[in-house]
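Only one structure is covered here, and it is reproduced in the block below.
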Amino acid sequence: MKHSITPEEHARVQRRRGRQALGLLVAILVVVGFVTVLRAGVGAVANLFDDTAQKQEYEDKLEGLVLFDPMPFDGIENIDDLTLREAAVWGCIYSIQETQGGFDNYNTDPDTEQLLLPSLDVDAYLAKLLGPGFKLTHRSFEMEDMTIEFDDATQCYKIPVTGTVGYYRAVVTKLFKRSGKLHVTVGYIPTASNDDSIINVSSDTPTKYMDYLFERQSGSWYLTGLTESETKAESTDSTSAASLPEPMAESDVQDAILATAGSDAADSAASAVEPEAQAENGADSAVAEAPAADDAASTAG
């Protein structure tokens, strides 16, 4: 018997199939939307805890100071004046290298070919590190092996052509807040070997750590102090000691002495027996040769 479908039933089936397709599409969109939102949330959380960019920012700010290994201080007014000037000039130079890739936009002295570093650039570098209220009186100063001359006419520092300057380079390892201050833990990586004869550019192991302290002013963090860090460098002495053999216990030493003495006595006894044995062997040979001599005499007779 042939089953026939009325137009109304056919339309109802079509509508039901349409609703099913729409429901499937909505379900797929819901799943896709949930996955997208979930991934975005995970990315946002990861970015929230990722402080790589902040660490790099503070490395750039502190590079000039770390170069010259300043003594701990409480309050920027208590920092050594020479260290501050060295950090201001060379920190600015390193910052220009990092941000601009070189000094193509800067003039040089026509006679000495020294780089002319404007004091305004130094002021801008210090403003980011110490705050806009800090003012440095610009003047010439003597470093350990060179003179940094300041030209009042051009308001520029004359930077000698030189190689590596300073003792350490910086690597920021940790950022944390305590008592309203931002602690920036910096690892000090030596730039030269112990005898200052070979530039140690391949080393990436800090030999000590210091905490640079920043306080918030007008919405930004500015350097106000320097103190020793809770983070400590691995001791090279302990590493060397671990590679040395452990000393023998006293009982083991006595046993070794007795064993050595016993072996020496045995060797002495053996050496004393050997001559006797050789003598006995010699006597036996003489006895053996006597009959041979008698036989020879009888043959001759």
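Computed over heavy atoms, backbone and side chain alike; hydrogens, waters and symmetry mates excluded. Everything quoted here is computed from the prediction, not taken from an experiment.
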Quick one: sort the Y188 and Y168 rings into parallel, tilted or perpendicular, breaks at 30° and 60°.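 Ring orientation, 0 to 90° scale: perpendicular.
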
For A233 against P206, the heavy-atom pair lying closest together: CB-O, 3.8 Å

Ignoring hydrogens, what is the shortest heavy-atom contact between Y222 and A127? Give both atom names and the distance.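 In terms of heavy atoms, the two residues are closest at CE2-O, 3.4 Å.
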
Are [X] and [Y] ion-paired here, with the side-chain N under 4.0 Å from a carboxylate O?
X: E59; Y: K55; value: no
X: D81; Y: R139; value: yes
X: D69; Y: K208; value: yes

Is the count of non-hydrogen atoms from other residues, nucleotides or ligands lying under 6.0 Å from [X] atom [atom1] greater than 12?
X: Q56; atom1: CD; value: yes
X: E77; atom1: CD; value: yes
X: N78; atom1: CG; value: yes

Please report, to 0.1 Å, the donor-acceptor pairs under 3.5 Å made by any side chain of residues 95-107, with sequence neighbours excluded.
from, atom 1, to, atom 2, distance (Å)
T99, OG1, S95, O, 2.8
Y106, OH, D121, OD2, 2.5

Kindly work out whether a path of hydrophobic side-chain contacts (I/L/V/M/F/W/Y, heavy atoms less than 4.5 Å apart) joins L130 to L62.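 Yes, because L130 and L62 connect within a single hydrophobic cluster, where side-chain heavy atoms sit under 4.5 Å apart.
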
Check whether L223 and F134 end up in the same hydrophobic cluster, where Ile, Leu, Val, Met, Phe, Trp and Tyr are linked by side-chain heavy atoms less than 4.5 Å apart.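 Cluster IDs for L223 and F134 match.
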
Given side-chain contact (heavy atoms from CB on, under 4.5 Å), test I93 with I159 step by step and report yes or no. CA-CA 9 Å; I93 290 173; I159 308 302; 3.6 Å; yes

Backbone N or O of [Y] within a donor-acceptor pair of the [X] side chain at under 3.5 Å?
X: D80; Y: T83; result: yes
X: T108; Y: Q114; result: no
X: Y125; Y: K61; result: yes

Euclidean distance, I148 CD1 relative to M146 CE, rounded to 0.5 Å: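 Between atom CE of M146 and atom CD1 of I148 there are 5.5 Å.
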
Per the side-chain contact (heavy atoms from CB on, under 4.5 Å) rule, which among E144, R85, E86 passes with F68?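 Only one option passes, and that is E86.
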
Can I get a per-line list of side-chain donor-acceptor pairs under 3.5 Å for residues 175-184, giving both atom names and the distance, sequence neighbours left out?
from, atom 1, to, atom 2, distance (Å)
R178, NH1, E230, OE2, 2.8
R178, NH2, E230, OE2, 3.4
H183, ND1, D211, OD2, 3.4

Minimum side-chain heavy-atom gap V89-L117 below 4.5 Å: yes

Counting the benzene-type ring for Trp, do F150 and F141 have ring centres under 6.0 Å apart?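 Distance test on ring centres: not under 6.0 Å, no.
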
